[in-house]
2 protein chains.
Amino acid sequence: MHEPNPFQQFMEAVVPGSPSRALTARLRGLGRTLSIEKGRIAKLDRDCDQIVYVFEGATKLVAQASGGREQVVAFHFAGDLVSVPARALHSYALTGLMNTQVLAFPAASLVGAAVDAPLLLTEVLERSMAALHRCRDKAVGLGRKSARERVASFLTAMCERIGTRHRDRLRLDLPMSRRDIGDSLGLTIETISRQFGELRASGLIETTGRSTVDILDPVALAGCAGHFSDTVD
Amino acid sequence: MHEPNPFQQFMEAVVPGSPSRALTARLRGLGRTLSIEKGRIAKLDRDCDQIVYVFEGATKLVAQASGGREQVVAFHFAGDLVSVPARALHSYALTGLMNTQVLAFPAASLVGAAVDAPLLLTEVLERSMAALHRCRDKAVGLGRKSARERVASFLTAMCERIGTRHRDRLRLDLPMSRRDIGDSLGLTIETISRQFGELRASGLIETTGRSTVDILDPVALAGCAGHFSDTVD
DNA sequence: TGAAGTCATTGACCTGGGTCAATGAAACCA
DNA sequence: TGGTTTCATTGACCCAGGTCAATGACTTCA
């Protein structure tokens, strides 16, 4: 048994069934493995849309508006597939939250190569629809929610993605800074900090160091998130 | 030559090439045509995700958060394909902005039927990625832009989708109300109204009645949108 | 292990856009 | 064609969250 290989793992994770030798070879030729250091921008091909598989680590996809304002559009962890547009209204960059390994494909070629591999196409389609639905949920948060609701919503979502059990409490080890969280929620670091403070004061969470958050009352926290089933008023 | 038929038009628009008889029959069996009256919610199957083709008219996809707050997640016009999730963090509804005809498919069945039709899959994938990229651009606006920038951005985007030439000026006939615009931009109707007023005062636009907007200076308007190429500061 | 640098917290103050309320203009309808 | 309803505009006021500034707590690396 040897080192896990990014390409092999990509094939297992996103190409279900047993792909043909030809497809495997074709995809292997298309994918470029990249490592992204913590805080650095991935040197992706900026000429065409890219589809990036996160093999190990964590990334953020950041949009740049005028005036140096940044919006984190999504966070990604190992196993995730990210679509990075070459040209849109804003300029997008994929940045490492820690040292990260990814596999990058030109979107058009990947889709082209998958003409005979409906399962690959289907998998990519499924994942991009899931991303669309998450992005819409994020838009609701950005457009219509208070700082408290956004932070509660963020913590709840993070629990589901990277939460761990630690001596029978729910623990979160956040790989992103307060600034990243702020840039993701459309808030400032000061507001994030104040919200963390208030959640701490209410006994919903407990924090240790800069990145560890223990969720003491996940149900109450989710109740603060302002989602629809929270039929309040 | 007879009445254009929603299903035929759907096939021409989203299934490139010449689809097999079998596929055509299969898809015909899956699609349900619906008409959505102005202001009414489409009676879609809420049990599974739906993919909806807008044949004629215009719609909005609205998310409902707690406390009666609404966020318009996207507007759609004839020829657009919309993905409507059955279950997400918020509750989504597709609503007619005018009397509208659509063709609705259960997403899973549509994808299942397309296993042998890579061109259909590719088309759906391409459109949903485009929707994802638009949704991200919207998230940037909601998270990081001023009211002025959001309104300018909205008008500029609408010009590209439904703008018409009218006696050598760029005209917009908005099918949505001020409330819809506000719910789309994360602002109130009052703020929308004030922004329209200021743009009018600056000579960038002119309005007639409730729905007609003439864009007098598209370039200056786009310059207000705060996109990245607007390298300011 | 201590000094430097980064990141987080806290406080004081300010402002963009929300809220509430009144008026006015379109669209609709009998 | 006038009366009703709905929608848009405008003004006065307020507050959540931004901004600015100072302090404090992790990390890092020598």
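Every chain is numbered from 1, with letters handed out A, B, ... down the list of sequences. Reckoned from all heavy atoms, side chains included, excluding hydrogens, waters and symmetry mates.
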Check: side chain to side chain donor-acceptor pair (under 3.5 Å) between A/T100 and A/K38: does it pass, once the steps are laid out?
Finding: CA-CA 7 Å; A/T100 297; A/K38 176 172 172 154; over 6 Å; no
Next item on the list: To the nearest Å, give me how far apart CE (B/M176) and P (D/dC7) are.
Entry: 15 Å
Notebook entry, point to check: Taking five pairs at each end of the helix from C/dT1-D/dA30 to C/dA30-D/dT1, what angle separates the two helix axes (nearest 10°)?
Noted result: 50°
Next item on the list: For a ring-ring contact (aromatic ring centres under 6.0 Å, His included) with B/F105, tell me which candidate from B/F7, B/Y53, B/F10 qualifies.
Entry: B/F10
Next item on the list: Please tell me if the side chains of A/S83 and B/H133 come closer than 4.5 Å, counting only heavy atoms from C-beta onward.
Entry: yes
Notebook entry, point to check: Is the shortest side-chain N to carboxylate O distance from A/E70 to B/R144 below 4.0 Å?
Noted result: no
Notebook entry, point to check: Of the options A/D183, A/D180, A/T95, which is the one that meets A/K60 in a side-chain hydrogen bond (donor to acceptor under 3.5 Å, both in side chains)?
Noted result: A/D180
Note to self: Mind checking if B/S177 touches a base, just sugar-phosphate, or nothing, with heavy atoms under 4.0 Å?
What the structure shows: sugar-phosphate
Check: Within the modelled atom types, does a donor on one side and an acceptor on the other bring the side chain of B/R178 and the base of D/dC7 under 3.5 Å apart?
Finding: no
Margin query: Looking at A/R169 and A/E206, is any side-chain nitrogen of the basic one under 4.0 Å from a carboxylate oxygen of the acidic one?
Written below: yes
Check: Does some side-chain heavy atom of B/M129 sit less than 4.5 Å from a side-chain heavy atom of A/D49?
Finding: no
Notebook entry, point to check: Is any side-chain heavy atom of A/H227 less than 4.5 Å from a side-chain heavy atom of B/H90?
Noted result: yes
Check: Of B/K38 and A/S193, whose nearest nucleotide on DNA chain C comes first from the 5' end?
Finding: A/S193
Item checked: Opening and closing nucleotides of DNA chain C in contact with chain A, under 4.0 Å to non-hydrogen atoms -> C/dT6 to C/dA12
Item checked: Interatomic spacing from CG in A/L216 to CD1 in A/I205 - rounded to 0.5 Å -> 8.0 Å
When you compare the protein's N or O atoms with those of nucleotides 15-19 of chain D, which come within less than 3.5 Å of each other, and at what distance?
residue: D/dG17; atom: OP1; partner: A/A147; partner atom: N; Å: 2.7
residue: D/dG18; atom: OP1; partner: A/G186; partner atom: O; Å: 3.4
residue: D/dG18; atom: OP2; partner: A/T188; partner atom: N; Å: 3.4
residue: D/dG18; atom: OP2; partner: A/T188; partner atom: OG1; Å: 3.1
residue: D/dG18; atom: OP2; partner: A/T191; partner atom: OG1; Å: 2.4
residue: D/dT19; atom: O4; partner: A/R194; partner atom: NH2; Å: 2.8

Check: Do B/T188 and B/T191 have a side chain donor and acceptor closer than 3.5 Å?
Finding: yes
